[in-house]
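Comments concern the structure below.
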Amino acid sequence: VGLLLIAVNAAVGAGIGSLLATRVQRCVGASTKTMLLGSLAVALTVPIYGLLGLFSDDLGFHEGWELLVFAGIYGLAIGPMQGFSRTLYGLLLPPGRESLYFALYQVTDKGSAMIGPLFISWVTQVTGSMRLSFIYSVFFIIVPGVILMRLDVEKGHRDRLASPAEAATDMEESAMENAPVVA
């Protein structure tokens, strides 16, 4: 029952977060990149709070209510994060190649959804503590955040618009014409 409540709380939080984030973005005029960085910052609070449990008996997921609260906070971050990341990704894709790149996005998204829990399970097995796996989560929130901060979205969008879609189509046709025939 506890896990079900946590899952529902995270899902409801994701829906609420998505609605609130788009309204906040409209009200303050923030860019998609800024909103995505904000979502990453909110998501970072969860593993950092979990790591506090290494040093404190009072903080860091020692009680069930903490899991419920932080599942909601994580949901508030993950809902907007999914929407803003896809929007930003779409702004940078070459015209006419969107389906190809979004297919790649989905494959990597599903792959990371498998690798993350496997790694966390391995860390828990090796160390005897699930708490140390929060280091992995912190790392994989901070590193993309740093990369995102360095990303020049405006230049990427200009470059995207300057790249001719026809050139991509011509390359595909040429590749198909020169592809080996398999019988």
Side-chain angles (χ1 to χ4, degrees), residues 10-49 51 70-120 133-180:
V12 169
I16 292 169
S18 293
L19 291 172
L20 288 176
T22 54
R23 289 190 178 166
V24 167
Q25 182 183 29
R26 235 178 291 135
C27 286
V28 300
S31 69
T32 300
K33 176 181 169 180
T34 300
M35 295 302 293
L36 184 53
L37 285 168
S39 296
L40 285 169
V42 172
L44 188 60
T45 63
V46 177
I48 287 176
Y49 186 77
L51 285 171
F70 277 91
I73 291 170
Y74 182 73
L76 286 172
I78 199 71
M81 192 184 308
Q82 289 178 350
F84 289 129
S85 64
R86 283 172 174 79
T87 301
L88 185 61
Y89 188 68
L91 289 172
L92 303 173
L93 296 179
R97 307 288 295 216
E98 293 87 354
S99 61
L100 174 71
Y101 283 97
F102 271 108
L104 176 64
Y105 184 99
Q106 282 302 110
V107 169
T108 58
D109 186 43
K110 299 305 177 209
S112 65
M114 183 182 76
I115 292 170
L118 282 175
F119 185 78
I120 289 170
S133 64
F134 284 121
I135 295 169
Y136 166 84
S137 299
V138 166
F139 180 80
F140 279 100
I141 293 172
I142 289 177
V143 169
V146 169
I147 293 168
L148 183 59
M149 282 190 275
R150 297 183 45 83
L151 178 67
D152 185 345
V153 177
E154 289 76 22
K155 181 181 181 318
H157 189 63
R158 281 192 312 272
D159 290 351
R160 168 199 182 267
L161 295 175
S163 69
E166 295 81 28
T169 306
D170 291 344
M171 286 180 8
E172 281 179 356
E173 289 173 4
S174 174
M176 291 302 290
E177 289 171 4
N178 297 323

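Numbers here simply count residues along the sequence, with the first being 1.
Using cut-offs of 30° and 60° for the angle between ring planes, the Tyr89 and Phe102 rings count as perpendicular.
The two residues Leu151 and Lys33 make their nearest non-hydrogen contact at O-NZ, 2.6 Å. Residue Leu37 comes nearest to Gly145 through the heavy atom pair CD2-O, 3.6 Å, listed as atom of the first residue, atom of the second, then distance. Nearest heavy atoms, Thr45 versus Phe70: O-CE2, 4.0 Å. The heavy-atom pair separating Lys155 from Asp152 by the smallest distance is N-OD1, 3.1 Å. Nearest heavy atom pair, residue Leu92 against residue Val153, reads CD2-O, 3.9 Å. In plain terms, the two heavy atoms of Pro80 and Ala14 that are nearest each other are CD-O, 4.4 Å.
Atoms CG and CG, on Leu36 and Leu148 in that order, are 5.0 Å from each other to the nearest 0.5 Å. Here CD1 of Ile135 is found 11.5 Å from CD1 of Ile48. Values are rounded to the nearest 0.5 Å. To the nearest 0.5 Å, the span separating CD1 on Ile78 from CD1 on Ile73 amounts to 14.0 Å. The structure places CZ of Arg86 at 5.5 Å from CD of Gln106, a figure rounded to the nearest 0.5 Å.
Side-chain N or O atoms of Gln25 include none that pairs as donor or acceptor with a backbone N or O of Arg23 at under 3.5 Å. Of the possible polar contacts, one joining the Thr22 side chain to the Ser18 backbone as a donor-acceptor pair under 3.5 Å is found.
Other residues, nucleotides and ligands contribute at most 12 non-hydrogen atoms within 6.0 Å of the OH atom of Tyr74.
Proximity of Thr108 to Leu104: side-chain heavy atoms (C-beta onward) are separated by under 4.5 Å at one or more points. Looking at heavy atoms from C-beta onward, Met81 lies out of side-chain contact with Ile141 at the 4.5 angstrom threshold.
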